[in-house]
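In what follows, a structure is listed as structure tokens, so that the remarks can point back to it.
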Protein chains: 2
Amino acid sequence: MKLKEFASQLGLSPTTVSRALSGYPEVSEKTRKRVAEEAVRLGYRPNINAVRLVTGRAGAIGVIMGRTGEFHFAEFMSGMAERLDGEDIDILVSPTADRDSTDEVPLYSRLVTSGRVDAVIVHSPKPNDERIAFLHDLGFPFLVHGRSETDVPHAWIDIDNESAIRRATSHLIDLGHKRIAMINGRAGRTFSLHRDKGYRDALQERGIPFDPRLVAHDHFTDELGFRFARSFLEQSPRPTAFVAGSMMTALGIYRAVRSRGLVVGRDISVIAHDDVFPYLTAENMVPSLSATRSSMRAAGARSADLVLQLLGGRPAEEIHELWPVELILRESTGPAPAEAQS
Amino acid sequence: MKLKEFASQLGLSPTTVSRALSGYPEVSEKTRKRVAEEAVRLGYRPNINAVRLVTGRAGAIGVIMGRTGEFHFAEFMSGMAERLDGEDIDILVSPTADRDSTDEVPLYSRLVTSGRVDAVIVHSPKPNDERIAFLHDLGFPFLVHGRSETDVPHAWIDIDNESAIRRATSHLIDLGHKRIAMINGRAGRTFSLHRDKGYRDALQERGIPFDPRLVAHDHFTDELGFRFARSFLEQSPRPTAFVAGSMMTALGIYRAVRSRGLVVGRDISVIAHDDVFPYLTAENMVPSLSATRSSMRAAGARSADLVLQLLGGRPAEEIHELWPVELILRESTGPAPAEAQS
DNA sequence: CCAAAAATTTAAAACGATTTGGCTAATCGC
DNA sequence: GCGATTAGCCAAATCGTTTTAAATTTTTGG
């Protein structure tokens, strides 16, 4: 049913009907109510594409999804969806072309210049991220989830990775650990760099030399967690503690530790970063996993919120949000073993 | 840049330009090439919303995402994205309103009647699914991922859950297991029912009585896997084998088994369904997990493909695809222990 | 070289809403 | 009771494309 048809059935002009439905003040309360009721009854709904054309708004927020089906992603989107519920704004997920998305700019270009979305969210930025520069040059609204070191002003939301990992590492040092390994995220991403920094600063603060052989960078998978942990454990002296970037990595580390006949929490301490998943919880692992913790879902919800503010006219320079991260100690961390190591 | 402006810069009419870019035959090869080149050079891109309005096509496939951030979802979408890459079709993810989405029909209604998407994918249907009836009545193109028992003809793609679980259960029986527990998915969903059936049929075939106290239905989380497994293991006699609905469930079962001082693969056999995740693999678990296996990502890619066919005019009645499921035996399954049980 | 046919190109009419500016009727202040 | 204000409604322009129908140019055949 079209507006024209619907309006004539009501004996009103398209103008009045349109205004009534959009809640403009120049239509009487009585007619507004009648229009609203009849719209439901007759099932009239404005053609979204006509609305988009005339208003110039797309009614959607764009997100580019990497190929490497990351498990964080679903949680983040789920959080966005939670916030966007009832807003008549959709989430547009755009397929990424390249396997390792070295150059996502063309994708953003397509998304943005064709008018598909009103804003985009940029994930896992690099310190000098070309996507940010591009979107800024275009004057297109965007929110960065994570941080960059670029000079161009932009809205961002991030968790305090540096402090989280610094505290986690410090805690391990407090427990007497001296050889602490770190299995971090993909090289080159700011969040990995921040975590690196937190780790190194904690070591330095306590006079423990940094050993590059104890640090790895890659995707967050249990397999890589296992492999890196295995190879670290083969060193002599071997590390007595691990700081891990994700829950999946932690699973791999647990396996690696066990496979060497060692016990997590006694021989080897582990702290991982937990994005809070409904289907896999740090508390339930055996032994329960000490973790730096921050809800990815909450971040998604808040990101959607901030994008809405951005679209509402709030200046991007104003939107900077750094979330603190909890450190929750459980059974996977304990005093460094005193005895000599294999 | 608008079409009109772009066309005048080329010294052509909007019509010719539009045709040149869409590859219509009534424009000479020479001008087509020139138009294509200039479009790139000047950065002209048609306003997608104008295109949508006039063509009536939305250029997007809709997906409704449940609140309970399911980890399968990201893989499925990632597969869709893979197939849709280069097609100029997006994935529109719509927030679900209710927590347990008992009534998703209004959401589909909004998605469909407002012209946001050209087709939708319905996930985890129930045997008599109101979403399917609704979409069918509207005459709107849709693909069901999973199966339903409704009479209305519709396109679907599914994996052979029944046969997979029947074979898994049979295999356990072959190994001498008699008390086999099953931790299945949400009650009421067809895939859960199919798995139930496969399980029961396998038992019946071999004259093993069905014991409802050995079956559970719920979401796929490691916590629920743990809890159900714990409670099953408290029974006397206790089960000697588990069939599980997901990798996360299997993680929980492993923990529960260990927490009772038992050993997976020796005291307790486990087979789970593996949707194939890049970040968590059955092969790498300890002991490696025997699994029924089918790639969720591949299903997503194929689903996108089928939707494209549907939109291309292929009749829905023709599109029925039942994928076989591999059964991969690893170390988590072994002969039933002979000795008496606690 | 010319009429007819074929190959290109174009002007103008959709698509279905929002919004500007104008019009009429009701209300107000004095 | 009357001009001025306001409330409520409407006609028509607009958004940026695609596509229909028509016009123009080029090619063809005799």
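Lettering follows sequence order; numbering is per chain, from 1.
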Between V51(B) and L12(A), which residue's closest nucleotide on DNA chain D lies nearer the 5′ terminus? L12(A)

Identify whether any heavy atom of I48(A) sits under 4.0 Å from a base atom; if not, whether one sits that close to sugar-phosphate; answer base, sugar-phosphate or nothing. nothing

Could you check how far CG of L10(B) sits from C1' of dT10(C), rounded to whole Å? 15 Å

Determine, for D88(B) against R116(A), whether the closest basic-nitrogen to carboxylate-oxygen distance falls under 4.0 angstrom. yes

Please report, rounded to the nearest Å, how far the C1' atom of dT19(D) is from the CG atom of L21(B). 15 Å

Sorted by position of nearest nucleotide on DNA chain C, 5' first, the leading residue of T16(B) and V54(B) is T16(B)

How close or far is atom P of dT8(C) from atom CZ of R34(B), stated in whole angstroms? 15 Å

Taking 4.0 angstrom as the limit, do R110(A) and D90(B) come out as a salt bridge? yes

Which part of the nucleic acid, if any, lies within contact of R52(B), taking any heavy atom under 4.0 Å across all strands shown: a base, the sugar-phosphate backbone alone, or nothing? nothing

To the nearest Å, give me how far apart NZ (K4(A)) and C1' (dG16(C)) are. 10 Å

Distance, rounded to the nearest Å, where F6(A) contributes CZ and dG16(C) contributes P: 16 Å

When you check the phosphate oxygens OP1 and OP2 of dT10(C), does a side-chain N or O of S13(B) lie under 4.0 Å from one of them? yes

Out of dT18(D), dT20(D), dA17(C), which has the shortest distance to the side chain of T15(B)? dT20(D)

Indicate whether OP1 or OP2 belonging to dT19(C) is found under 4.0 Å from a side-chain N or O atom of T55(A). no

To the nearest Å, how far apart are N49(A) CG and dA14(C) C1'? 16 Å

Under-3.5 Å donor-acceptor pair between R19(B) side chain and dT10(C) base: yes

Quick one: which of dA17(C), dA11(D), dT18(D) gets closest to the side chain of S22(B)? dT18(D)

Output yes when R83(B) and D305(B) qualify as a salt bridge under the 4.0 Å nitrogen-oxygen rule, no when they do not. yes

How many Å lie between CG on L3(B) and C1' on dT17(D), as a whole number? 7 Å

Would you classify Y44(A) as touching base, sugar-phosphate or nothing, given that sugar-phosphate means primed atoms plus P, OP1 and OP2, and contacts are heavy atoms under 4.0 Å? sugar-phosphate

Which sits closer to the 5' end of DNA chain C, E26(A) or S28(B), going by the nucleotide each is nearest to? S28(B)

Could you tell me whether the side chain of S18(A) has a donor or acceptor atom within less than 3.5 Å of a complementary atom in the base of dT19(C)? no

Could you state the atom-to-atom distance from CZ of R57(B) to P of dC15(C) in whole Å? 16 Å

Which nucleotide sits closest to the side chain of N47(A): dA17(C), dT9(C), dG16(D)? dA17(C)

If only side-chain N and O atoms of Y24(B) are considered, is one of them under 4.0 Å from the OP1 or OP2 phosphate oxygen of dA7(C)? no

Taking the inter-plane angle between the rings of H123(A) and F76(A) on a 0 to 90° scale, is it parallel (under 30°), tilted (30 to 60°) or perpendicular (over 60°)? perpendicular

For a quick test of reading the model, state the closest non-hydrogen atom pair linking A39(B) to L21(B) and the distance between them. CB-CD2, 4.2 Å

First locate atom CD of E149(A), then atom CG of N128(A), and finally report the distance between them rounded to the nearest 0.5 Å. 8.5 Å

